[in-house]
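Read through the structure below, which is laid out as structure tokens, and then see the notes.
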Amino acid sequence: MNILSAIIVFENLHEVKRLFHWGPIIALTVIGVCSSMAILDSIIWYWPLDTTGGSINFIMLINWTVLILYNYFNAMFVGPGYIPLEWKPENQQDIMYLQFCRLCQGYKAPRSHHCRKCNRCVMKMDHHCPWINNCCGHLNHAYFTSFLLLAPLGCIHAALIFIMTMYTQLYDRISFGWSSVKIDMSAARHIHHPFMPFSIAAFAATLFALGLALGTTIAVGMLFFIQMKVILRNKTSVEAWIEEKAKDRIQYYQTGEDFIFPYDLSSRWENFKQVFTWSGTPIGDGNEWPVHEKCNQYTLTVLYFSLIQLYSSVCDDIFGSSLFRLSNKVLNEEQSNAGFRIRGWFPRRCVEKCHYDSANNSASEEKKEQ
């Protein structure tokens, strides 16, 4: 129903254009080739109407195809969820902890990032996937990960069908000589339903489909394990990169800090339930998140540094005023609402990180003005 609603609703008809991209075209072609060849080969190898095993095999094959397409199209058309244009937090004081997106003319909620391909700020953005021609984020993370699990499982089943079909059809047609192996494809193979002969073209198509199935199993299976690794820690690929860089800086500068990832709920099961639910709708509204008891909503959105010395060198005229503006200038409400930000570079030795809770410590205002 989610697929139909996403396509039929008039204002979402423009989403159908996502299909006309090299990523979905290749992905759907691979799914179509593997599924159709597996169905045809299962009829040749294990006719579904003769035995219970054949019926179960055929039903499972159809089931894999339906589930794979269901999760694939949901991941594509439901989408990751986007931060509304010109969005602002309900508490205006929280603006100081958020980044302003000039393209969306609004503030970026925690865990959101602007995607250049989608041209929108994405809720809990993980990455932009070319195979679904959409971002993987808050609303479609479960669908996307389910697709990554089901695709290899379906391909493994299809690969077994391809192998058994070639084995049973070629067993009586292969003859071994002293220095050669001959395959007589003209030899009659006794089957219950001769209206589907296993010809040279069928053999070539089955072999090609087997290669696609095995390649998909390896490639997509690796992506599934990568996704589950970050999901069980309640992270995204972007946040995993941020955490890695933060730990590298702590180790390099020997600050002695203990980095705590704010969204890790200290339980893999609790982290898992943040993405996967029985209803299919993830927990949260995409703007606020449950966090670790020692962190707050804005732990990863802003860092404060205090100026400990001015930069004095040949480049003092270039860096001196920039240092002062970056560390000391306080924007007024009009500038903050307009998204005005001062950006620039400053020497690391001239500043030190403020080790206090920037969102909750009421005494922080005095320190930020120093």
For residues [X] and [Y]: do they belong to one hydrophobic cluster (side chain heavy atoms under 4.5 Å, members Ile, Leu, Val, Met, Phe, Trp, Tyr)?
X	Y	result
L28	I132	yes
I62	I59	no
L69	L148	yes
I56	L153	yes
L232	L265	no

Evaluate side-chain contact (heavy atoms from CB on, under 4.5 Å) for S266 paired with H292, printing each intermediate quantity in order. CA-CA 8 Å; S266 303; H292 192 276; 3.8 Å; yes
Testing the basics here: between [X] and [Y], what is the closest heavy-atom pair and its distance to 0.1 Å?
X	Y	value
V33	A209	CG1-CB, 4.4 Å
S146	N71	CB-OD1, 3.3 Å
M123	G286	SD-CA, 3.7 Å

Donor-acceptor side-chain pairing of N234 and E270 below 3.5 angstrom: no
Side chains of S42 and N57, donor plus acceptor under 3.5 Å: no
Donor-acceptor pair, side chain of [X] and main chain of [Y], under 3.5 angstrom:
X	Y	result
W289	G284	no
S35	G32	no
D285	E288	yes
T145	A142	no
N140	G137	yes
T281	T277	no
T216	A213	no
E243	F261	no
E239	T236	yes
N74	Y70	yes

[atom1] of [X] to [atom2] of [Y]: how many Å apart, nearest 0.5 Å?
X	Y	atom1	atom2	result
H114	Y82	NE2	OH	11.0 Å
Y298	L98	OH	CG	5.5 Å
N91	Q297	CG	CD	12.0 Å
C121	I83	SG	CD1	7.0 Å

For F147, run the ring pair (Phe, Tyr, Trp, His ring centres under 6.0 Å) check against F73, Y72, W64 and tell me which one passes. Y72
Establish, for the pair R111 and Y263, whether the NZ or CZ atom is under 6.0 angstrom from the six-membered ring centre and no further than 45 degrees off its axis. yes
Go through F144 and H127 one step at a time and tell me if the ring-ring contact (aromatic ring centres under 6.0 Å, His included) criterion holds. CA-CA 11 Å; F144 180 78; H127 68 286; 5.4 Å; yes
Does H113 form a side-chain contact (heavy atoms from CB on, under 4.5 Å) with V122? I'd like the steps, not just the answer. CA-CA 6 Å; H113 301 275; V122 178; over 6 Å; no
Residue [X] excluded, over 12 heavy atoms near [atom1] under 6.0 Å:
X	atom1	answer
Q251	CD	no
F208	CZ	no
D258	CG	no

Give the C-alpha distance, both sets of side-chain angles, the deciding distance and a yes or no for side-chain contact (heavy atoms from CB on, under 4.5 Å) between I231 and N271. CA-CA 7 Å; I231 287 175; N271 292 336; over 6 Å; no
List the steps and the verdict of side-chain contact (heavy atoms from CB on, under 4.5 Å) for Q105 and F100. CA-CA 7 Å; Q105 288 299 301; F100 185 82; 4.0 Å; yes
